[in-house]
Number of protein chains: 2
Amino acid sequence: MSNCSHCIMKRFNALKTLTHDELERFSDHKTSLIIKKGENIMTEGNSINGLYCIQDGKCKLTKLNTNGKEQIIKFVKGGDILGHRSILSEEPVGLNATALEDMRVCFIPKGDILDSIKDNPQFSLNLIRNISLQLSHANTAISQMAQKPVKDRLAETLLSLEEIFGVDNEDCIDVILTREEIANTIGTATESAIRLLSNLKKDGVIDLLGKKIKILNKNALKNISEGY
Amino acid sequence: MSNCSHCIMKRFNALKTLTHDELERFSDHKTSLIIKKGENIMTEGNSINGLYCIQDGKCKLTKLNTNGKEQIIKFVKGGDILGHRSILSEEPVGLNATALEDMRVCFIPKGDILDSIKDNPQFSLNLIRNISLQLSHANTAISQMAQKPVKDRLAETLLSLEEIFGVDNEDCIDVILTREEIANTIGTATESAIRLLSNLKKDGVIDLLGKKIKILNKNALKNISEGY
DNA sequence: TCCTAATTATGACAATTGTCATTTATTTTT
DNA sequence: AAAAATAAATGACAATTGTCATAATTAGGA
């Protein structure tokens, strides 16, 4: 099994402040998992006793609404961590993390994380910053969901997906989502999402190649996302 | 000037874990402020160098959208604290805090807070939990804004306002908001909020006494908020 | 108090968005 | 490769929500 000291994860996020010794301790106790597309890493309401480090692959964080609809709150990819909020707050997990493709994930037991939090103030501060930044993003999302029309939110979401996942060798946004998942991200009916995507294509702002989406005119999208 | 050791604040939130010595230190360095209705305690984008303890009065936390509309993210009242997110994350303030009525507020300099965070792990953990809980609420709000119709969101908001502020001696929700502020909370046009409030009154679910709102049938509101 | 300004309320209409039905295309399974 | 299942696309229509105009009411200042 690979060693945390050499893991790409330690270049990212809060983990980059961990010492060699701490990483060795993680190595000794960690377990590596393969999560298949469609499976959950974490499930809303469950409690967890450790931190998940995403080595590779993409997943969606979702919340099931009282009306039974799925809302996608956030996308997560290699280099990100999951579960730290739940560890720190000692609350159950608030969101489902569902793999969008096969994933490689490491699980580090809660005890080791708490030890590092105690010993390494910089580590715990970075965890707090991570949560704090998420709160800031969430507040922005509330505002946009509440006040922007669906078309603007779609434009915003496409830009944000390219920002998060980058583009592949054909300049398409490098993530595969169903139209339903796009609809569940912006908070609209699947048919509406499909129609608005078609309109954007007709206007030459994006191109649709099967499920792949290519942004042709980023400025136009930015303008649409701001209501012009 | 009053002493933090005897302040009602210390019964609430993260502050309840502070020691007598810490509270004395706070007392020595704190400043008391009166914030008039309509004035800002904090302003979006500004940096702050301390923690605000709300002694008395109510305020709204808002975000200005790119389209110029105000979105109300959260309501805050006596016993709550403001600014800890910004202190911990070392980022500028993300929201405007605007007084809904005259307020009494204490300001405790950042240095004292950071000292307590370092010395008192329980205090810092409680701050994290506070932020973490806010994130959890924010995620729920995203989901509801995205997927629930305006009527449902209004019902939800009325219940939540009564939960937060309680009722006065006439059983009205104990906060005065304009129709525009209600609209900015649920994310709709002022006229729509007015119309839906009128409908709820016509249906006998609430009563409207000027700006005061009285919930007559909490169960009916709960059902509406869940789409029935 | 009266006057002015702001807020609340309501109507009429337009724009947006959702729902249902159906067709076409794509993916998965056999 | 064919069949079955799933997803995407589109039309028709209904429901929701927003905008603009205007009237009624309330609040705040001279």
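Lettering of chains follows the sequences in order, A, B, ..., and the numbering in each one begins at 1. Remember, it's a predicted structure, so these values are computed and weren't measured experimentally.
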For [X] and [N], what is the distance between atoms [atom1] and [atom2] respectively, to the nearest whole Å?
{"X": "A/I176", "N": "D/dA8", "atom1": "CD1", "atom2": "C1'", "value": "14 Å"}
{"X": "A/K212", "N": "C/dA25", "atom1": "NZ", "atom2": "P", "value": "23 Å"}
{"X": "A/K69", "N": "C/dT17", "atom1": "NZ", "atom2": "P", "value": "14 Å"}
{"X": "A/E180", "N": "D/dA9", "atom1": "CD", "atom2": "C1'", "value": "15 Å"}
{"X": "A/K148", "N": "D/dG18", "atom1": "NZ", "atom2": "P", "value": "16 Å"}
{"X": "A/R179", "N": "C/dT27", "atom1": "CZ", "atom2": "P", "value": "11 Å"}
{"X": "B/K151", "N": "C/dG18", "atom1": "NZ", "atom2": "P", "value": "18 Å"}
{"X": "A/I182", "N": "C/dT17", "atom1": "CD1", "atom2": "P", "value": "17 Å"}

Practice task
Mind listing the residues from residues 184-201 of chain A sitting with a heavy atom below 4.0 Å of DNA chain D? Number order is fine.
Solution key: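 Within this stretch, A/E191, A/I194, A/R195, A/S198 sit under 4.0 Å of the strand.
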Fill in the blank from the handout: d(A/L158 CG, A/E163 CD) to nearest 0.5 Å is 13.0 Å
Handout entry: Nearest-0.5 Å distance, CD1 of residue B/I173 to CG of residue B/D168
Key =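 That separation rounds to 10.0 Å.
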Exercise for the section: Describe, in one word, how the ring planes of B/F75 and B/F165 are oriented to each other, choosing from parallel (under 30°), tilted (30 to 60°) and perpendicular (over 60°). Expected result: perpendicular
Exercise for the section: Please report the closest heavy-atom contact between B/S86 and B/V93, naming both atoms and the distance. Expected result: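 For B/S86 versus B/V93, the nearest heavy atoms are OG-N, 3.7 Å.
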Handout entry: Heavy-atom closest contact (A/L221 atom, A/A155 atom, distance)
Key =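 Residues A/L221 and A/A155, closest heavy atoms: O-CB, 3.5 Å.
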Completion exercise
Judged by nearest nucleotide, the residue sitting upstream toward the 5' end of DNA chain C, A/K211 or B/K211, is B/K211
Problem - Passing option when A/T66 is tested against B/K148, B/E156, B/Q147 for side-chain contact (heavy atoms from CB on, under 4.5 Å) - result: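 Testing each of B/K148, B/E156, B/Q147 against A/T66, the sole residue satisfying side-chain contact (heavy atoms from CB on, under 4.5 Å) is B/K148.
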